[in-house]
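What follows is one structure encoded as structure tokens, with my remarks underneath.
Reckoned from all heavy atoms, side chains included, excluding hydrogens, waters and symmetry mates. Remember, it's 1-based here, ligands and their atoms both numbered in the order they're listed.
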Amino acid sequence: MPVEEFVAGWISGALGLVLGHPFDTVKVRLQTQTTYQGIIDCMVKTYRHESLLGFFKGMSFPIASIAVVNSVLFGVYSNTLLALTATSHQERWAQPPSYTHVFIAGCTGGFVQAYCLAPFDLIKVRLQNQTEPRARPGSPPPRYRGPVHCAVSICREDGPWGLFRGAWALTLRDTPTLGIYFVTYEWLCRQSTPDRQNPGAATVLVAGGFAGIASWAVATPLDVIKSRMQMGGLKHRVYRGVLDCMVSSARQEGLGVFFRGLTINSARAFPVNAVTFLTYEYLLSSWG
Ligand SMILES: CN(C)C(=N)NCCC[C@H](N)C(=O)O
């Protein structure tokens, strides 16, 4: 099994994450809290209350974990395509796989990565939702002191399976949307590249960016549900399942709730995925 795809996925995921984390914090807060009037209000309040550091809450953990998860996504995707089409990554521009194969490989990558991502994503969302300013003498400490304390507390309160809270919604979110992600990327690259040639850097950047936007646009409704289920129990209500969360969120807040965070997510998705794909393609082509 070729391992370069895993390593390239690892490095490209870490770069994308640093770039996108401040946007991600605003998105998570908009999706799970009702105190903000919109993106700007959330940004201003976060900055005033928590300084610039507020935007980077929960980042140290994903920087290691998202890199692992991205490595699983790209590694599983590429190796599934290899199994389906018997072409390696280097041969794929000259002998392009069908979009059906790309979609199946993307869905497989999405399904596997969802289970690797679930505990890390839960911890990230819980930490991002702590709106307390940095600890000052006399002020009450935040519920979680950091990622490890958060993981230990969840295990203590809910058992080890507690770390997988929201995992089903995450799987439903990621399986089809990762298929869409890779199909969009391939389609855009092929549209703007002469037949059977490797796409240039500008094409990869633009195709990666739009693949990110397209997949997140489809993923947003389940992203909202996933984030709410992950916060369940902590002053937030506990849902009986994905359907219960969907129905009661829509009843209480209207259908618009499913698109909460869409604008900020799209603004985040373009640079994050442009950099991710460019780094991934660059690393694989320089390793030959
Ligand atoms: C719609 N979904 C779930 C995705 N397109 N996921 C893959 C993108 C990964 C990238 N690190 C990001 O966070 O955008």
Side-chain angles (χ1 to χ4, degrees), residues 5-6 8-28 31 56 58-59 61-78 80 102-103 105-118 120-122 124-125 128 166-188 204-227 230 258-281:
E5 280 91 348
F6 285 97
W10 182 306
I11 299 172
S12 57
L15 283 177
L17 177 97
V18 177
L19 204 65
H21 196 79
F23 297 92
D24 194 61
T25 301
V26 175
K27 178 206 80 174
V28 166
Q31 288 180 339
F56 290 92
M59 191 180 82
F61 199 49
I63 207 154
S65 60
I66 284 287
V68 177
V69 170
N70 211 57
S71 132
V72 169
L73 170 63
F74 279 81
V76 171
Y77 166 73
S78 199
T80 307
V102 172
F103 184 73
C107 291
T108 312
F111 181 83
V112 178
Q113 76 127 32
Y115 281 92
C116 304
L117 177 61
F120 299 123
D121 193 60
L122 174 69
K124 176 186 76 78
V125 166
Q128 283 175 316
W168 179 229
L170 188 60
T171 312
L172 290 176
R173 185 196 79 177
D174 281 4
T175 305
T177 50
L178 269 297
I180 293 169
Y181 180 62
F182 285 105
V183 167
T184 311
Y185 173 72
E186 281 286 324
W187 185 78
L188 287 172
V204 169
L205 273 176
V206 173
F210 279 112
I213 293 187
S215 58
W216 277 109
V218 179
T220 300
L222 273 160
D223 190 49
V224 174
I225 300 305
K226 182 249 356 149
S227 300
Q230 287 173 325
F258 295 120
F259 300 97
R260 230 184 246 170
L262 178 62
T263 313
I264 186 87
N265 223 358
S266 305
R268 185 195 76 89
F270 192 92
V272 169
N273 292 287
V275 166
T276 300
F277 271 105
L278 186 67
T279 314
Y280 176 74
E281 296 287 1

query: Is the backbone of Val72 close enough, under 3.5 Å, to the side chain of Gln113 for a donor and an acceptor to pair up by distance?
result: no

- prompt: Just by distance, do the side chain of Thr184 and the backbone of Ile180 share a donor-acceptor pair under 3.5 Å?
  reply: yes

query: Taking atom types as modelled, is there a side-chain donor on Asn273 or Tyr181 under 3.5 Å from an acceptor on the other?
result: yes

query: Is the closest side-chain donor-acceptor distance between Gln31 and Lys27 under 3.5 Å?
result: no

- prompt: Please state which protein non-hydrogen atom is closest to atom 12 (C) of ligand 1 and give its distance, to 0.1 Å?
  reply: Arg268 NH2, 3.4 Å

query: Which ligand 1 atoms are under 4.0 Å away from a heavy-atom of Leu178?
result: 2 (N), 3 (C), 4 (C), 6 (N), 7 (C)

- request: Take every heavy atom of Gln113, measure it against each atom of ligand 1, and state whether any distance is under 4.0 Å.
  value: no

- prompt: If we only count heavy atoms from C-beta on, is the Thr276 to Phe74 side-chain gap below 4.5 Å?
  reply: yes

- prompt: Considering only the protein, which heavy-atom contact is closest to atom 5 (N) of ligand 1, and what is its distance?
  reply: Ser215 OG, 2.9 Å

task: Ignoring hydrogens and angles, tell me if any N or O in the side chain of Asp223 forms a donor-acceptor pair with the backbone of Ala219 under 3.5 Å.
output: no

message: Using a 4.0 Å cut-off to any heavy atom of Asp174, which atoms of ligand 1 qualify?
response: 3 (C)

query: Do any nitrogen or oxygen atoms of Trp216 come within less than 3.5 Å of a nitrogen or oxygen of ligand 1?
result: yes

- request: Please confirm whether the backbone N or O of Gly212 pairs with a side-chain atom of Ser215, one donor and one acceptor, at under 3.5 Å?
  value: yes

message: Under a 4.0 angstrom heavy-atom cut-off, which atoms of ligand 1 come close to Ala219?
response: 1 (C)

field: Protein residue, atom and distance nearest to atom 11 (N) of ligand 1, heavy-atom basis
entry: Val272 CG1, 4.1 Å

field: Identity and distance of the protein heavy atom lying nearest atom 8 (C) of ligand 1
entry: Asn273 OD1, 3.4 Å

